[in-house]
There are 2 protein chains.
Amino acid sequence: MNETFRPTLNDVARAAGVSTATVSRCLNEPDRVVPATRERVMRAVKDLGYTPDFGGRALASRRTKTVGAVIPTMENAIFARGLQAFQETLSEAGVTLLVAGSGYDSEREAEQVRALVGRGADGLLLIGLARPQATYDYLRQRGTPYVLAWNLGDTSDHFIGFDNLRAAAEIASKVIELGHRDIAMIAGVTSMNDRAADRVEGVRSAMRRAISEVKSFDVIEAPYTFEDGATAFDRLVRRTPRPTAVICGNDVLAVGAISRAKALGLGVPGDISITGFDDIDIASFVEPALTTVHVPHRRMGSAAAQVLLRLIANEPVEPRVEIGVEIVMRGSLGPPPGTTP
Amino acid sequence: MNETFRPTLNDVARAAGVSTATVSRCLNEPDRVVPATRERVMRAVKDLGYTPDFGGRALASRRTKTVGAVIPTMENAIFARGLQAFQETLSEAGVTLLVAGSGYDSEREAEQVRALVGRGADGLLLIGLARPQATYDYLRQRGTPYVLAWNLGDTSDHFIGFDNLRAAAEIASKVIELGHRDIAMIAGVTSMNDRAADRVEGVRSAMRRAISEVKSFDVIEAPYTFEDGATAFDRLVRRTPRPTAVICGNDVLAVGAISRAKALGLGVPGDISITGFDDIDIASFVEPALTTVHVPHRRMGSAAAQVLLRLIANEPVEPRVEIGVEIVMRGSLGPPPGTTP
DNA sequence: TTGTACGCGTTATCAC
DNA sequence: GTGATAACGCGTACAA
């Protein structure tokens, strides 16, 4: 009754009264089999509940129709979105996606890369570019195609991303233009995270360019939750001089900051302006709506899939796909208090 | 230079001057090999950048240290959270997680189940219980262990979840107790989604229990985004009589509803109360903070992993793990307008 | 159009 | 402690 029976090609062949080769053909190139036998084989497949064994198939054919992705965490909406699109595009090409999480740890990422490659992944998606050289060496030695997303680099790898530094600089310039002179930044954790680091560097460069105007500039780092953003805001707002604008490294931190500002009785943007980065869904639903950098994560995900598929098929690809981002002005950024309009 | 060389057991064996059997042992049962040879073998492994081939291993050993999960979408924070915990717990046991998305489509789910089983998944995590009988039959015939999470059922399967119906009934009762008489619900899509359907049924049952008090009750369904919640709220609020409380099937819809309410100039909860379900991060950061049902998704995820691991190891398990949920009262639910305190 | 037979990379069972 | 060698399930020349 509870017999666990895993039918093989052989079982199907016997049941249908044909050879294993014919069954294999029915599954892979149905046209090369006459409808009569095909029908019989397909019936046997259904009856036995046969599913091709992946291991055997991979072993015999040397490819898997599988690609892997290693992302920092599934708990962040921006990766979830991009990955969803990535997988939809792969799906259309009949390719399966395997997802693994690194927890923002580059050693763990290296492990996962090896695991996915060992599993026969035909190609890999990795996030950003900050990782040990050994990981790159491994991939290149194996000849496993891979793409890097969410940022742009200047190596010979394939990038599908946007210029985090420039975008961050632009939004910071907007803040300065509006007249803010005491500015602070709540950054994501920059260690081994080139996206977070680039955003800090972008904001810093904008500050340097306006060095004669900006009076104070402070950066603190915070982890990944709304709560972390709120806590960081708490600390910043106690400093002297109190910043009139807080630039956040991502929307999660920014939403946390807005919430805490309101809880402290500070008007946004009346008393203090706040900006984000990413334009996640919630950004337009908080009050005031968040001024942020819109990143088309879905477009980036499917572009990454397209590049990776071409790479795997050995078709020509452009080494660098820049995804356009743009600043969306919403209610959370305004002129500093005491400004005459 | 760009030679793609995939070293095999054989290559390592030759490089280390031993047999393939010894290399295999070094990797799987290091104790059964003397340190001297082991050292030599491990060096060869490093030098060649060898990674065991998963296919070959699965073929020879008939197990994979891999479990699969099929979730409706990665874009929903509640699944992301639970899954993250699920995978962390698996990870501690040296088991890899493969994730696939069904897009809320039970046919697609069936495909993914077959794909994962074909890939050698030792066990599976599925969400909820509404799916074609064929999917269950397939799993049972193959003898693949699986657990069902996010809800509880009364079949002989293994459940790790909570009583969606009862929890929804409870929060609805709270609404009624506060004096609301014209009530509406924005439900998730209930087709092939037992969690959404149970929540509707729970609210309905509370309405029936208070049939003499409740004057009007309306349900409409909405998809999965903030925007959908906002749109649905728009429609509801135009009806006569206008509801004084809107019960939402999940927090995403509720946050969308709150946002639209404020945009329409309606005070929450002054003019209209709104409740959610799930207690996602943002629930405590919107204004007013959302009254909702707190679901410990992380605890559920790791409990699911534990049960599945025991199932795979053929150890005794309880067939049903109920995860406690509780209503968290926050600002978005109050008495109806015109009530004298 | 269909069948036969070999090999893919690994583990497991024996000898040694 | 280590080495041959036979499976494992499948794809695919090649033959029929």
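Quick note on labels: first sequence line is chain A, next is B, and so on, each numbered from 1.
Remark: side-chain polar atoms of D194(A) are paired, donor with acceptor, to backbone N or O of L129(A) under 3.5 angstrom.
Remark: C1' of dC8(D) and CZ of R119(B) are 18 Å apart, rounded to the nearest angstrom. A straight line from CG of N10(B) to P of dG3(D) spans 13 Å, rounded to a whole angstrom. To the nearest angstrom, P of dC10(D) lies 16 Å from CZ of R63(A). With rounding to whole Å, E29(B) atom CD is found 12 Å from dG1(D) atom C1'. The CZ atom of R62(B) sits 8 Å away from the C1' atom of dG9(D) (whole-angstrom rounding). Residue R32(B) contributes atom CZ, which lies 9 Å from atom C1' of dG1(D) at whole-angstrom precision.
Between R25(B) and D53(B), it is D53(B) whose nearest contact on DNA chain C lies nearer the 5' terminus.
Phosphate contact (OP1/OP2 of dG11(D), side-chain N/O of R57(A), threshold under 4.0 Å): present. Neither OP1 nor OP2 of dT2(D) sits under 4.0 Å from any side-chain N or O of T22(B). An OP1 or OP2 oxygen of dG11(D) is reached within less than 4.0 angstrom by a side-chain nitrogen or oxygen of N28(A).
With a 4.5 Å cut-off on side-chain heavy atoms, M42(A) and L27(A) count as touching. Contact annotation: the side chain of R119(B) never approaches that of F54(B) to less than 4.5 Å [non-hydrogen atoms, C-beta and beyond]. The shortest side-chain heavy-atom distance between R63(B) and I312(B) does not fall under the 4.5 Å cut-off. Looking only at side-chain heavy atoms (C-beta outward), V18(A) and R40(A) come within less than 4.5 Å of each other.
Of the listed nucleotides (dT2(D), dG9(D), dA4(D)), dT2(D) has the atom at the smallest distance from the side chain of T37(B). Considering only side-chain atoms of V18(B), the nucleotide from dT2(D), dG3(D), dT5(D) that sits closest is dG3(D). Of the candidate nucleotides dG11(D), dC8(D), dT5(D), dC8(D) has the atom nearest to the side chain of L59(B).
Taking a heavy-atom distance under 4.0 Å as the criterion, the stretch of DNA chain C touched by chain B extends 5' to 3' from dG9(C) to dA12(C).
Using bins of under 30°, 30° to 60° and over 60° for the plane-to-plane angle, the ring pair Y224(A)/Y104(A) lands in the parallel bin.
Residue E322(A) places its CD atom among more than 12 non-hydrogen atoms of other residues, nucleotides or ligands, all under 6.0 Å distant.
Among the heavy atoms of the strands, none lies under 4.0 Å from F54(A). Note on L9(A): only backbone sugar-phosphate atoms sit closer than 4.0 angstrom, heavy atoms only; bases stay farther off.
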